[in-house]
Each structure stands twice: as structure tokens, then as C-alpha cells.
2 protein chains.
Amino acid sequence: MARTKAFEPEEKLEKAKCLFWQKGYSATSMQDLVDTMGLNRGSIYDTYGDKHSLFLQCLRSYTDSTFEDYQRTVAESKSPMKAVEKIIRRAALRTVAEGQTCMGVKSTFELASVDEEVHAILKENTTKMIAVLKDLLKKAQKAGEINSKRDPGTLANFIVSNFTGFWQFYLVYGDGELVQQQAEFLIKSIKK
Amino acid sequence: MARTKAFEPEEKLEKAKCLFWQKGYSATSMQDLVDTMGLNRGSIYDTYGDKHSLFLQCLRSYTDSTFEDYQRTVAESKSPMKAVEKIIRRAALRTVAEGQTCMGVKSTFELASVDEEVHAILKENTTKMIAVLKDLLKKAQKAGEINSKRDPGTLANFIVSNFTGFWQFYLVYGDGELVQQQAEFLIKSIKK
DNA sequence: ATTATTTTAGAATGATTGTTCCAAAAATGC
DNA sequence: GCATTTTTGGAACAATCATTCTAAAATAAT
């Protein structure tokens with residue numbers, strides 16, 4: 001029999017993900033990937049396919065794991081509105097902690113208008129995220145935690161849309177406190 | 001004497017701007033620029049400098065002209081809060097009308113973290129935009145158009161931050177009506 | 001130890017990257 | 001018409017791009 005793989009595909013994918021996240025798709029070269037993944041060209045092509053396919057796998061891995069992170073946050077919360085608050089604070093904190101902007105949003109602005117496969121992944125992720133928030137907001141309204149007059153779907157859009165604003169502000173001002181302040185303001189706006 | 005320039009530098013810069021706007025900085029090649037500007041390589045380098053310098057001029061031209069557009073909107077308005085409303089609707093409409101996302105925000109996500117010159121232009125532009133809104137909101141509060149309890153600076157940040165959300169949503173869902181609905185929701189939130 | 005299969009490193013590929021250079025054409029003022 | 005200066009098209013450049021290929025090293029089961 002033949003020899004077995006000498007590396008952990010998922011572990012190396014993680015490294016590629018970080019690189020794409022940092023530099024973006026176009027600005028990342030195959031040589032960059034070879035260097036930071038610590039794999040030779042052949043192994044990359046053999047395991048993940050070409051650059052585009054590798055990027056899709058990285059992006060999918062990113063959106064999946066951040067979605068799981070949000071769901072974990074929901075599970076840990078004591079009430080629907082508390083969960084919404086936690087998610088909003090988490091969105092703000094993630095950027096500060098990671099020192100980077102959400103890879104999904106970065107990819108949206110770089111590729112969504114020209115790459116249909118990337119677009120599909122991002123659309124699905126955004127839609128899932130909105131659905132989770134909409135559901136929580138509905139429950140929060142039923143529980144009397146927030147005003148029932150406003151449409152939960154619109155509110156959910158509003159929240160997700162604001163996350164993107166957090167990330168832009170972090171890129172422009174590099175000020176974590178400002179982003180957290182924005183998060184608190186958003187929470188207040190929802191509660192009204 | 002020598003012959004005069006056979007082209008209008010500003011007109012050709014406009015073409016370059018559209019291309020960078022559409023494709024982003026990294027994904028635009030010098031050959032693309034030669035083709036769509038209708039200028040030969042030499043003339044481009046001679047008139048605008050290298051690719052990076054050309055991009056900076058395009059970006060500066062974009063941010064300047066959109067800022068002027070917003071200021072015109074303010075001048076046309078009958079009251080401070082009406083001006084804020086107009087600006088918000090205009091931000092949403094621009095995307096739908098142009099079928100594209102704000103070049104400033106696109107560039108922020110592509111380059112702000114790696115290109116200091118680009119970052120400086122974008123930071124200045126964002127800061128100017130926030131200042132205009134903050135000033136309008138202060139006046140609106142004094143005129144009793146909106147509640148005076150909330151900090152105008154925070155509100156201004158909130159508005160600009162939401163614009164980025166509009167543009168992300170337009171990229172993800174390609175739905176102009178949705179974006180306009182978001183704009184109306186934002187206006188309501190400000191008025192409360 | 002032998003055989004079979006895969007990893008590995010890096011050479012080779014041809015296309016494209018940004019940039020510079022050159023000779024010829026064009027247009028201006030004399 | 002002549003001299004001067006720039007535009008112009010495209011050749012030339014070295015570097016880098018994504019991708020493929022090759023041959024040797026490594027590992028597994030027999």
C-alpha cells in the first residue's frame with residue numbers, strides 16, 4: 001500500500017483561510033499559499049484543487065464556524081433578547097479581538113458582484129444569520145422583552161446591516177471602543 | 001512649439017475610475033486600463049504616474065464628487081432634518097441607480113488595512129461625512145425636529161455606518177427596494 | 001527486501017503582471 | 001517648410017502569476 005497523508009488537511013486549510021482573510025482573494029498568490037501553508041504546490045492542488053476552489057473551501061469554513069459561534073451564543077443565553085444582545089456584542093468584539101474585519105463582508109465587497117459561487121455562499125450565510133435573529137426577535141416580542149410594533153424581519157436586517165458598519169468603522173478608525181459604543185447604541189435602538 | 005495633449009486628462013481619469021470601481025484595485029490590470037481608457041501605456045504613465053498613483057487620483061475624484069453631491073443635497077433642503085433624510089435616501093438611491101456599491105466602502109474593505117495612502121483618503125472622507133451629519137443633527141435638535149437626548153455624534157456615526165450596510169445588502173440581495181426600505185427604517189430610528 | 005503508491009521539492013510552463021523604452025507620427029510656432 | 005516637442009503604438013523587460021510535470025524520497029503492505 002501507499003503512504004498516508006503527512007499533513008492534516010483541515011489544519012492546513014485553516015492557514016490558507018487566515019491568509020485569504022488577511023490579504024483578500026486577488027492579492028493572495030499561490031506562492032504565498034505555498035509559503036504559509038507549509039505545503040508544496042502539488043499537494044495543494046491534489047488536496048484542494050485550484051486557487052479558486054481552495055478559496056471557496058476557506059470561505060465556507062469561515063462562514064460555517066462563525067455561524068456556529070453565534071448559535072453557541074444563543075444557546076448560552078437566558079432569554080431571546082439577551083441572545084440578540086450577546087450576538088451584537090459578539091459581532092463587535094470579534095473584530096477587536098481578531099484585529100480584523102469579518103472575512104465574509106470583506107469577500108462580499110471584493111467578489112460578490114463578479115463571482116457567483118462566492119456570492120451564493122455569502123447570500124446563504126447572510127440569510128441564515130437574519131433568520132436566526134428574526135426568530136429571536138419574534139420570541140422577544142412574544143415574551144414582552146421588546147416593543148411588538150416593529151417588524152422582526154426588518155429589525156433583523158437592520159442588525160446584520162449594522163454589523164457591516166462596525167467593521168467598516170474598525171477599518172477606518174481602528175478604534176475598538178468606538179465599535180463597542182456603536183454596538184450599545186444599536187442595542188438601545190432595538191429595545192425602543 | 002510642441003503639440004498639445006490630444007485627450008482630456010479628467011475625462012480619461014473618469015474612465016479609469018469606473019474600471020477600478022467595478023473590478024477593484026488588485027483585479028484591475030494595466031492592460032485593462034489601457035483598453036478602457038483608450039490611451040497607450042506611455043501616455044498613462046506620463047500623465048498619471050504608476051498604477052497606484054492613478055488609483056489614488058481615481059479614489060480622490062470619487063470621494064470628492066460624492067461629498068459634493070451630498071453637500072448639494074444639503075443646500076437644497078428646507079430644514080436640517082429634511083437634509084439628513086435626503087442624504088440617507090440619496091445614499092440608498094445611489095447604489096440602486098448606479099447598480100454598484102460605493103467605491104469608497106469597496107476600497108475600504110479591499111485596501112484600508114494594507115495601504116496607508118488609501119486609508120488616509122477614506123478616513124478623511126468618512127470623517128468629513130460624519131461632521132456634516134453631526135452638524136445637521138445638532139441643528140435639528142435645536143430646531144426641535146428630533147429628540148435632543150441622543151448624542152449627535154453617535155447618531156452621525158450610526159447613519160454613516162448604516163450606509164455601509166445598505167451597500168452590503170445590495171451586493172448580497174441585489175434588491176433596490178429592500179435597500180430603500182432599510183433607509184426608511186433608519187430615518188424612523190433617528191427620529192424617535 | 002520488494003513492490004506499490006503518494007508525498008515531496010522544485011523545475012518548467014506559458015500567460016500575465018507593472019513598467020520602461022524606442023522609433024515614428026503628429027502637431028505646434030516660427 | 002522647418003524645428004521642436006509630445007503623443008502614440010507597440011516592442012521589450014524582468015518579475016510574477018496559476019498551473020502542470022517530473023523525478024526522487026518516503027511510507028505502507030506484502
Side-chain angles (χ1 to χ4, degrees), chain A residues 1-61 106-107 110-111 114-118, chain B residues 1-61 106-107 110-111 114-118:
Chain A
M1 266 286 278
R3 68 187 277 195
T4 51
K5 266 204 163 66
F7 62 91
E8 200 58 55
E10 291 216 21
E11 178 199 318
K12 295 294 186 181
L13 189 73
E14 195 75 16
K15 295 209 173 191
K17 185 179 82 178
C18 288
L19 189 65
F20 276 130
W21 188 356
Q22 199 177 36
K23 307 192 68 174
Y25 177 71
S26 291
T28 301
S29 73
M30 222 50 202
Q31 189 57 52
D32 288 335
L33 289 162
V34 168
D35 293 343
T36 70
M37 290 173 87
L39 244 50
N40 66 50
R41 251 163 270 276
S43 299
I44 295 175
Y45 278 90
D46 194 60
T47 312
Y48 309 97
D50 64 11
K51 183 187 171 187
H52 189 255
S53 164
L54 174 58
F55 178 77
L56 291 179
Q57 290 165 65
C58 289
L59 184 60
R60 179 82 69 181
S61 155
K106 268 187 96 164
S107 305
E110 186 188 354
L111 301 169
V114 292
D115 188 321
E116 195 40 56
E117 288 178 288
V118 169
Chain B
M1 266 286 279
R3 69 186 276 196
T4 50
K5 265 205 165 64
F7 61 93
E8 199 58 57
E10 291 216 23
E11 177 199 320
K12 296 294 184 181
L13 188 73
E14 195 75 14
K15 294 209 173 192
K17 185 178 82 178
C18 286
L19 189 66
F20 276 131
W21 188 356
Q22 197 176 38
K23 306 191 71 172
Y25 177 72
S26 290
T28 301
S29 73
M30 221 51 204
Q31 188 57 52
D32 288 335
L33 289 162
V34 168
D35 293 343
T36 69
M37 290 174 87
L39 244 52
N40 68 50
R41 250 163 272 275
S43 299
I44 295 176
Y45 278 91
D46 194 61
T47 312
Y48 309 98
D50 64 11
K51 182 187 171 187
H52 188 254
S53 165
L54 174 57
F55 178 77
L56 291 179
Q57 291 167 64
C58 289
L59 184 60
R60 179 80 70 182
S61 156
K106 269 188 95 164
S107 305
E110 186 188 354
L111 301 169
V114 293
D115 188 321
E116 196 41 55
E117 289 178 288
V118 169

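Note that the structure is a prediction, hence the values are computed from the model and not measured. We name chains A, B, ... by the order of the sequence lines, and we start the count at 1 in each one.
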What parts of residues 49-57 of chain B reach DNA chain C, counting only heavy atoms under 4.0 Å away?
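Asp50(B), Lys51(B), in order of number.
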
For DNA chain C, which residues in residues 26-41 of chain B have a heavy atom at a distance below 4.0 Å?
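Listed by number, they are Thr28(B), Ser29(B), Met30(B), Arg41(B).
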
Which residues share a side chain to side chain donor-acceptor pair (under 3.5 Å) with Thr36(A), sequence neighbours left out:
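Per chain and number, Thr36(A) pairs via side chain to side chain donor-acceptor pair (under 3.5 Å) with no residue.
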
Minimum heavy-atom separation for [X] to [Y], with atom names?
X: Tyr45(A); Y: Asp50(A); answer: CE2-CA, 3.8 Å
X: Leu59(A); Y: Val118(A); answer: CD2-CG1, 3.8 Å
X: Ser107(A); Y: Phe55(A); answer: OG-CZ, 3.7 Å
X: Leu39(B); Y: Ser43(B); answer: CG-CB, 4.1 Å

Side-chain contact, heavy-atom cut-off 4.5 Å: Lys51(A) with Leu54(A)?
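With C-beta onward as the side chain, the pair stays apart.
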
Any side-chain heavy-atom pair of His52(B) and Asp115(B) under 4.5 Å
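With C-beta onward as the side chain, the pair touches.
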
What pairs of donor and acceptor atoms, side-chain ones from residues 15-25 of chain B against any protein atom, are under 3.5 angstrom apart with sequence neighbours left out?
| unit_1 | atom_1 | unit_2 | atom_2 | d |
| --- | --- | --- | --- | --- |
| Lys17(B) | NZ | Glu14(B) | OE2 | 3.1 |
| Trp21(B) | NE1 | Thr101(B) | O | 2.6 |
| Lys23(B) | NZ | Asp32(B) | OD2 | 3.1 |

Contact residues, residues 17-24 of chain B to DNA chain D [heavy atom, < 4.0 Å]:
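Going residue by residue through residues 17-24 of chain B, none turns out to have a heavy atom under 4.0 Å of DNA chain D.
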
To the nearest 10 degrees, what angle separates the axes at the start and end of the helix from dA1(C)-dT30(D) to dT17(C)-dA14(D), five pairs each?
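Computed from the C1' atoms at both ends, the axes differ by 30°.
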
Looking only at the side chains, is there a donor atom on one of Ser53(B) and Gln57(B) sitting less than 3.5 Å from an acceptor on the other?
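There is such a pair (donor and acceptor under 3.5 Å, judged by atom type) between the side chains of Ser53(B) and Gln57(B).
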
[X] has an atom [atom1]; how far is it from atom [atom2] of [N], in whole Å?
X: Tyr25(A); N: dC17(D); atom1: OH; atom2: P; result: 13 Å
X: Ile44(B); N: dT6(D); atom1: CD1; atom2: P; result: 19 Å
X: Asp46(A); N: dC21(D); atom1: CG; atom2: P; result: 13 Å

Taking atom CD as the centre, does Glu116(B) end up with more than 12 heavy-atom neighbours from other residues, nucleotides or ligands that are less than 6.0 angstrom away?
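Atom CD in Glu116(B) is crowded, with more than 12 foreign heavy atoms closer than 6.0 Å.
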
If I take atom CG from residue Leu13(A) and atom CE from residue Met37(A), how far apart are they, to the nearest 0.5 angstrom?
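Going from the CG atom of Leu13(A) to the CE atom of Met37(A) covers 6.5 Å.
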
Lys12(B)/Thr47(B) under side-chain contact (heavy atoms from CB on, under 4.5 Å): CA gap, chis, key distance, verdict
CA-CA 10 Å; Lys12(B) 296 294 184 181; Thr47(B) 312; over 6 Å; no

